[in-house]
Student: 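This structure is in structure tokens; I'll ask about it shortly.
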Amino acid sequence: MGRSGVPRHQAGEPFVKGPIPLNWLERAARLPGKALHVGLALWFRAGMVGDAWVKLSNGLVARFGVERNAKRRALTALQGAGLVETQPGVSRNASPLVRLKAVQAAVGGTEGHNHGGSD
């Protein structure tokens with residue numbers, strides 16, 4: 001536990017690096033299927049490699065409970081929502097490269113919720 005009582009990762013344990021913009025998460029959460037799962041996998045991978053473009057492997061998304069066909073559908077949904085940009089892998093079966101994109105907060109969207117709140 002951290003000083004605030006919120007659970008923290010143990011030494012050497014993987015974690016999702018933030019901050020992750022709440023408007024990005026809100027938009028992903030409204031998408032169908034496993035889009036939010038894939039989005040979290042992308043944020044995890046981006047935090048690990050520290051690069052704008054990350055490889056989204058089937059093994060990575062499997063850690064988040066996503067199979068390969070669901071990964072493809074989720075990437076399509078995330079791209080359609082303007083949350084990611086993709087480049088196909090070098091071969092037909094290669095993992096795509098994906099870049100997380102910044103999104104603008106909706107007008108009237110999350111004001112008053114700057115620090116989480118208890119909604």
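All residue numbers refer to positions in the sequence shown, counting from 1.
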Student: Checking Arg99 now: which residues fulfil salt bridge (charged side-chain N to carboxylate O under 4.0 Å, His left out) with it, not counting sequence neighbours?
Tutor: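 With neighbours one apart ignored, the set is Glu85.
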
Student: Check each of Leu42, Ile20, Val54 against Leu100 using the side chain to side chain contact (heavy atoms under 4.5 Å, CB included) test, and report the only one that passes.
Tutor: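 Result for side chain to side chain contact (heavy atoms under 4.5 Å, CB included) with Leu100: Leu42.
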
Student: Suppose we screen for side chain to side chain contact (heavy atoms under 4.5 Å, CB included). Which residues come up paired with Lys55, at least two apart in sequence or across chains?
Tutor: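 Expected list: Ser95, Leu97.
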
Student: Do you know the tightest heavy-atom contact between Gly82 and Val103?
Tutor: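 What the structure gives for the nearest pair is O-CG1, 3.7 Å.
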
Student: Do Val84 and Val16 share a hydrophobic cluster, counting only Ile, Leu, Val, Met, Phe, Trp and Tyr and linking them when any side-chain heavy atoms are less than 4.5 Å apart?
Tutor: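 Hydrophobic grouping puts Val84 with Val16.
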
Student: If you round to the nearest 0.5 Å, how far is CG of Leu56 from CG of Leu60?
Tutor: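 With rounding to 0.5 Å, CG (Leu60) is 6.0 Å from CG (Leu56).
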
Student: Restricting to pairs with a member in residues 60-75, which pass side-chain hydrogen bond (donor to acceptor under 3.5 Å, both in side chains), not counting sequence neighbours?
Tutor: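 Passing the test, one end in residues 60-75: Asn58-Lys71.
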
Student: Can you pull the ring-ring contact (aromatic ring centres under 6.0 Å, His included) pairs that have at least one residue in residues 17-57, sequence neighbours excluded?
Tutor: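 Those involving residues 17-57 are Trp24-Trp43.
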
Student: Could you pull out the closest heavy-atom pair between Val66 and Val38, with the gap in Å?
Tutor: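 Shortest heavy-atom contact: CG1-CG2, 3.9 Å.
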
Student: Using the side chain to side chain contact (heavy atoms under 4.5 Å, CB included) criterion, which residues pair with Leu31? Sequence neighbours excluded.
Tutor: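 Partners of Leu31 under the side chain to side chain contact (heavy atoms under 4.5 Å, CB included) test: Ala35, Ala77, Leu78, Ala81, Leu83.
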
Student: What's the separation between atom CG in Leu40 and atom CZ in Arg45, rounded to the nearest 0.5 Å?
Tutor: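 Output value for this atom pair is 15.5 Å.
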
Student: Mind checking side-chain hydrogen bond (donor to acceptor under 3.5 Å, both in side chains) for Asp51 and listing every partner two or more places apart, or none if nothing turns up?
Tutor: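 Partners of Asp51 by the side-chain hydrogen bond (donor to acceptor under 3.5 Å, both in side chains) criterion come out as none, since no residue qualifies.
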
Student: Go through the structure and list residues passing side chain to side chain contact (heavy atoms under 4.5 Å, CB included) with Ala94, not counting sequence neighbours.
Tutor: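 Counting only residues at least two positions away or on another chain, Ala94 forms a side chain to side chain contact (heavy atoms under 4.5 Å, CB included) with Val90, Ser91.
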
Student: State which residues pass side-chain hydrogen bond (donor to acceptor under 3.5 Å, both in side chains) with Thr86; sequence neighbours excluded, sorted by chain then number.
Tutor: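 Thr86: side-chain hydrogen bond (donor to acceptor under 3.5 Å, both in side chains) contacts with Gln79.
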
